[in-house]
Amino acid sequence: MTAALAEKNGTDSAHPPAPHTRPPAARWRREPGRERAFDEVPRWQIYVPLGIYLVFTLIPFYWMLLFAVRPAGSTSLVPWPMTGEHFSKVWNERSFAVFFQNSMIVGVCTLISTTLVALAGGYALARFNFKIKNAFMLALLCSQFIPGALMLVPLFEIFKNLRMINSLGSVVIAETVFQLPLSIILISGFIKNVPVSLEEAAWVDGCSRLRAFCAVVLPLLRPGLIAVGSFAFVHSWNHFLFALMFLSEQDKQTIPVGLNTLIGADSVDLGALAAGGVIAAVPVVIVFAFIQKWLITGFSAGAVKG
């Protein structure tokens, strides 16, 4: 009798119906009429602030580009018809070709020297223990609080005695010295993320310390080296003070000093100044567009994969 009733109701006496259970949270959150989950943020709350920030960021660049390609005397807010007379003027008549070449030499040499010295110093801090290690790290950090203007007179005297005034080498040395503290700290952090066991395995296989470093550690430091070198290049490219103080002849000056020469005592050629600003900004934009993918990978991504 009981079995018949159970069969009629579609249930089995041996397997009674399961008690009523609450559906998973993910299920009832998707049901209509339910409240939105707290971890779900509307897209407009993300895109609207980013859009406003992007507009305020791009307006100065658009204004500079507008003056650079707009004909002289025009007041239009749309760069049409466009002209290249301002670029031709600053590149040929105002010696910006020479300024660009000098800035490139200073930037590339600073990149190479800063990266090599920071690589050696960072490896020493990451792999060796010595008595004054903590004091040395503290000195590196404290050196970041010293402005470059305070060191102009001593540096000028040193370069004068070395007969390096009005030489691009003086600017390269000064830029390298002021870039090294932060670069050494960053590189040492990268090297610490590489397990020492990788080097030890190479030593067991018969590699020297230098060969093991070049074969095992150096490939994993690619994102860090690119980031440190790029920051050194951008800083030396944009730095104005050292080039102004140590370079007096026009054929040795860099782009920041060249831009300053476009500002006269009584008038300013806005078109030429904007064109020079565009020329100065292009390499920086290219460098940051190139290093962004390396920064996104993370500081220790290579060590984890290795």
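- Under the 4.5 Å side-chain criterion, counting only non-hydrogen atoms from C-beta, Leu155 is in contact with Phe246.
- Phe136 places a side-chain heavy atom less than 4.5 Å from the side chain of Leu125.
- Remark: the backbone N or O of Leu111 is not paired with any side-chain donor or acceptor of Thr114 at under 3.5 angstrom.
- In this structure a side-chain-to-backbone donor-acceptor pair under 3.5 Å is present from Ser236 to Phe233.
- Atom CG of Asn161 and atom CZ of Phe156 lie 10.0 Å apart (nearest 0.5 Å).
- For Phe130, the CZ atom sits in a packed shell: over 12 heavy atoms of surrounding residues, nucleotides or ligands are nearer than 6.0 Å.
- Looking only at side-chain heavy atoms (C-beta outward), Val48 and Ile52 come within less than 4.5 Å of each other.
- Closest approach of Phe178 and Ile146 over heavy atoms only: CE2-O, 4.3 Å.
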Would you check, one step at a time, whether the test side chain to side chain contact (heavy atoms under 4.5 Å, CB included) holds for Phe96 with Leu259? CA-CA 9 Å; Phe96 257 69; Leu259 288 174; 3.6 Å; yes
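- Considering every non-hydrogen atom in both Ala202 and Val216, the closest pair reads CB-CG2, 4.0 Å.
- Put simply, the side chain of Leu247 does not reach to within 4.5 Å of the side chain of Val257, judged on heavy atoms.
- Ile187 has its side chain within reach of Val228: a pair of non-hydrogen atoms, C-beta onward, lies under 4.5 Å apart.
- At least one side-chain heavy atom of Leu119 sits less than 4.5 Å from a side-chain heavy atom of Phe213.
- Looking only at side-chain heavy atoms (C-beta outward), Gln101 and Ile105 come within less than 4.5 Å of each other.
- Contact between Ala274 and Phe67 at its shortest, heavy atoms only, is CB-CB, 3.6 Å.
- No side-chain donor-acceptor contact under 3.5 Å links Tyr123 and Arg127.
- Outside the 6.0 Å centre-distance limit, the rings of Trp91 and Phe99 are not counted as a close aromatic pair.
- Side-chain N or O atoms of Trp237 include none that pairs as donor or acceptor with a backbone N or O of Ile255 at under 3.5 Å.
- Between the Asn166 side chain and the Glu249 main chain, a donor and an acceptor come within less than 3.5 Å of each other.
- Side chain of Asn193 to main chain of Gly189: a donor-acceptor pair is present (N/O by atom type, distance under 3.5 Å, no hydrogens or angles).
- Atom CD of Glu175 and atom NE2 of His239 lie 5.5 Å apart (nearest 0.5 Å).
- Remark: Ile132 CD1 is loosely packed, at most 12 non-hydrogen atoms of other residues, nucleotides or ligands lying under 6.0 Å away.
- Looking only at side-chain heavy atoms (C-beta outward), Cys142 and Pro181 stay at 4.5 Å or farther from each other.
- When all heavy atoms of Ser113 and Thr176 are compared, the closest pair comes out as OG-OG1, 2.8 Å.
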